Amino acid sequence: MHAYRTHTCGQLRKEQVGSRVRLSGWVNRRRDHGGLLFLDLRDHYGVTQCVIEPGDAAFAVADRARAEWVVTVTGPVVARTAETINKELPTGEVELRIEEISVQGVAQDLPMPVFGELDYPEEIRLKYRVLDLRRDRLHKNITLRSKVIQSIRRRMIEQGFTEFQTPILTASSPEGARDFLVPSRLHPGQFYALPQAPQQFKQLIMVAGFDRYFQIAPCFRDEDARADRSPGEFYQLDLEMSFVTQDDVFAAVEPVLHGVFEEFANGREVSGLQFPRIPYDESLLKYGSDKPDLRNPIVIADVSDIFARDDVAFKAFKGRTVRAIPAPAAASQPRSFFDKLNDWARNEMSAPGLGYIVFERGILNESKGAIRPLTESEKIETPGEFIGKGPIAKFLSPDAARALAAKAGVGPGDALFFAADAKSDRAATLAGQARLRIGRELSLTREGKFEFCWIVDFPMYEWNEDEKRIDFSHNPFSMPNFDREKFLALTDEDKDTILGIKAFQYDIVCNGVELSSGAIRNHDPDVMLKAFEIAGYEREETETKFAGMLNAFRYGAPPHGGTAPGIDRIVMLIAGEENLREVTMFPMNQQAQDLMMNAPSEVSAKQLRELHIRVVMPEKKAE
RNA sequence: GGGGGCGUAGCUCAGUUGGUUAGAGUGUCGGCCUGUCACGCCGAAGGUCGCGGGUUCGAGCCCCGUCGCUCCCGCCA
């Protein structure tokens, strides 16, 4: 008989009754009935009930066992009587009668129980991560993650992609996020950087002629964490293809993502192929975001022109961008519903507020300018006049109110919220946040569904108001969607033209989560130098910083493009979790510390000397 | 860097307008119990109320500061 086990804890069924078996695992639960002791033994595969009586030879040892001790038990498999069968357990028709027991590892009193579903503080969970990982939910999530990655890898290989590794120690790159730096021992004063993504390497792989590359790639960015953004490190399904248009990339990626989500959907609906393609400008207008949650049916409308009309007297909105957010059937909501949204806008969004109009049917007496709601009988007989109510309504002519309703697509019984700002992007953002809140508050957002879309036609550049200059708005390696010769001829005079240039740049969004970002790349050295020059990089600087790539492009570069879906976020969506730590084996906390391994930590003076590093601690704040 | 929330027993939490000895569940320890599977019953131990200062006759509660965790803003091509 094997030293530790003949079966796993999830394996025994009626078929094994009568045979003598050996199991090893953790004591999940101990139930002492005095004349009878139950030990539920747990391993990766399941739970098996083991039982022993006080007269038995092994009882003294079994009686000492506590939760999370690791033990090996040996004995016959016996059938349970009909009334003691546990239908909740796959092994519930049998139990193991303990004849021998040996303790492989004792456990101290637990800082956190493994058994049970209670929620525990992150600090405890992270410090005692192995205990947390034994718990059912996390154990399942991590196992799911492995299956998802396996499925992705299989699908990619089936589509003709080849997996390659790229360096972890590489050069710092001026664009993008903050780098993690690694000091060089051999080259005093010089540093490696951990890759923010294998961006340049995958393009070089294309120039090297490998045609279709992918990698489950670790990426490192020294930026602050969010619930859907791990501090420090995360994984991408990094991929790149040669001789492709944007549509070819879409056609390659869509079936992989769609297939993976379908495979693990578990009853949830996955939006069909092909994913809708929404231009960036349209997404900002209709959803107030470049990562719209399409489960939410609300569509925002621009009503700036209506508030600019002479028959609208509401001065606060004059000359501003005004976006209307429909709240279907919200007329029946209590006053507090509107007040709460207004308070939220003022407090959390630091906006002046959220105006609103509630639309009802009524009788309008234009000569008096007065309105009254329809009576119940009038509602049946006549559609009535269409009237607006609410703090803003009195500033609108009936005609303007009708125009608002028509443009926003609302009718009687609906309400309309307004987000206004002198800056159109701020109005859009406020409207987008309000859209999400209203969708949630009114339970309009459909759960149990995965809604994918592509966001396309991102702007190549954006205006940096703080530093009064033009920045790359997304990936600096994207190909501008602009005539080559005209692009090369652009000057500082062409600011407006430049800010209007779109890039062959695209994102995949699912349920309001940005899953992937990609582009058709700029493989033309002249266009690349020009693109960086527009963003304020001298040609010499670009030549130095991107020497590897520019040089490669000068020896025959194929047109190429790709994208990089975030593995962690994919698993998070599939697992139905709202935080990446729930799908990461050993995550760091929000301050980018590993509480289990105590990272980061100080190093010895000798190590620092070897690296030619002297630490200068930040000065304490003066009183 | 900024804002919100939280911090009370090993763990999850309650704790009234500031008022006697800070409670419950769970876990731990002891006792009882032969069919439980969140076993049950009885009992015990277990507290710097995050830390420091202040107000007060009196602070878990109010005020100031600080630390920790978390969510958000900035940041994240």
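Owing to the predicted nature of the structure, the values given are computational and were not obtained by experimental measurement. Each chain gets a letter, A, B and so on, in the order the sequences are listed, and its residues count up from 1.
No hydrogens or angles considered: a donor-acceptor pair under 3.5 Å links the side chains of A:D238 and A:Y213. Remark: the A:N141 side chain and the A:E577 side chain contain an N/O donor-acceptor pair separated by less than 3.5 Å.
Residue contacts shown for A:P111 are limited to sugar-phosphate atoms, with no base heavy atom under 4.0 Å away. Base contact: A:E95 has a heavy atom under 4.0 Å from a base atom. A:D224 comes within 4.0 angstrom of a base, heavy atoms only. No contact: A:Q196 has no heavy atom under 4.0 Å from any strand. Backbone-only engagement by A:R581 is indicated by non-hydrogen atom pairs under 4.0 Å involving sugar-phosphate atoms exclusively. Across all strands shown, A:D471 has no heavy atoms under 4.0 Å from either base or sugar-phosphate atoms.
Side-chain to base pairing of A:R66 with B:G27: no donor and acceptor N or O lie closer than 3.5 Å to each other. Side-chain atoms of A:R29 stay outside donor-acceptor range of the base of B:G27, with no qualifying N/O pair under 3.5 Å. If you check distances only, the side chain of A:R229 does reach the base of B:C75 with a donor-acceptor pair under 3.5 Å.
Lacking a ring centre under 5.5 Å from that of the base six-membered ring together with a plane angle below 30°, A:H33 does not count as stacked on B:U34.
At distances below 3.5 Å, not a single donor-acceptor pair connects side-chain atoms of A:D507 with backbone N or O atoms of A:V509. Proximity of a side-chain donor or acceptor of A:D56 to a complementary backbone N or O of A:E53 within less than 3.5 Å is detected.
With distances taken from any side-chain atom of A:F38 to the nucleotides B:G1, B:G27, B:G35, the minimum falls on B:G35. Counting only heavy atoms from C-beta on, A:F115 has its side chain closest to B:A38 among B:C72, B:A38, B:U70. Listed nucleotides B:C69, B:C37, B:C76 differ in distance to A:E223; the shortest reach to its side chain belongs to B:C76.
A sub-4.0 Å separation between OP1 or OP2 of B:C72 and a side-chain N or O of A:Q590 is absent. The side chain of A:R30 places no N or O atom within less than 4.0 Å of a non-bridging phosphate oxygen (OP1 or OP2) of B:C39. Distances shorter than 4.0 Å separate none of the side-chain N or O atoms of A:R42 from OP1 or OP2 on B:C37. Residue A:R31 places no side-chain N or O under 4.0 Å from the OP1 or OP2 atom of B:U36. Distances shown here put every side-chain N or O of A:R64 at or beyond 4.0 Å from the OP1 or OP2 atom of B:C29.
A salt bridge links A:R539 and A:E533; the closest N-O separation between the charged side-chain nitrogens and carboxylate oxygens is under 4.0 Å.
The structure places CZ of A:R229 at 13.0 Å from CG of A:D568, a figure rounded to the nearest 0.5 Å.
Each of A:N579 and A:R221 was assigned the nucleotide of RNA chain B with the nearest heavy atom; the assignment lying further toward the 5' end belongs to A:N579. Mapping A:M588 and A:Q505 onto RNA chain B by nearest heavy atom places A:M588 at the nucleotide closer to the 5' end.
Here A:F458 pairs with A:Y280, A:H474 under the ring-ring contact (aromatic ring centres under 6.0 Å, His included) rule; sequence neighbours left out. Evaluation of the salt bridge (charged side-chain N to carboxylate O under 4.0 Å, His left out) rule for A:D526 yields A:R484 as partners, not counting sequence neighbours. Residues passing the ring-ring contact (aromatic ring centres under 6.0 Å, His included) test with A:F250 are A:W454, A:Y506, sequence neighbours excluded. For A:F180, the ring-ring contact (aromatic ring centres under 6.0 Å, His included) test picks out no residue, with sequence neighbours left out.
To the nearest whole angstrom, the two C1' atoms, one in B:U26 and one in B:U70, are 24 Å apart. Rounded to whole Å, the C1' atom of B:A45 lies 13 Å from the corresponding atom of B:G27. Atom name P, nucleotides B:C13 and B:G50: the rounded distance is 14 Å, in whole Å.
Scanning RNA chain B for stems, defined as runs of 3 or more consecutive Watson-Crick or G-U wobble pairs whose donor-acceptor distances all fall under 3.5 Å, gives the following ranges: B:1-7 with B:67-73, B:10-13 with B:23-26, B:28-32 with B:40-44, B:50-54 with B:62-66.
With a 4.5 Å cut-off on side-chain heavy atoms, A:R323 and A:R435 do not count as touching.
When all heavy atoms of A:D43 and A:G10 are compared, the pair lying nearest together is OD1-N, 4.2 Å.
Whole-Å rounding puts the A:L110 CG to B:G46 C1' distance at 17 Å. Look at CG on A:L39: it is 16 Å from C1' on B:A38, rounded to the nearest Å. Here B:U36 presents its P atom at 19 Å from CG of A:N28, a figure rounded to the nearest Å. Nucleotide B:C67 holds its C1' atom 12 Å from the CD atom of A:Q591, rounded to whole Å. Atom CZ of A:R226 and atom C1' of B:C73 are 6 Å apart (whole Å).
Scanning residues 68-92 of chain A for heavy-atom distances under 4.0 Å to RNA chain B yields A:R80, A:T84, A:I85, A:N86.
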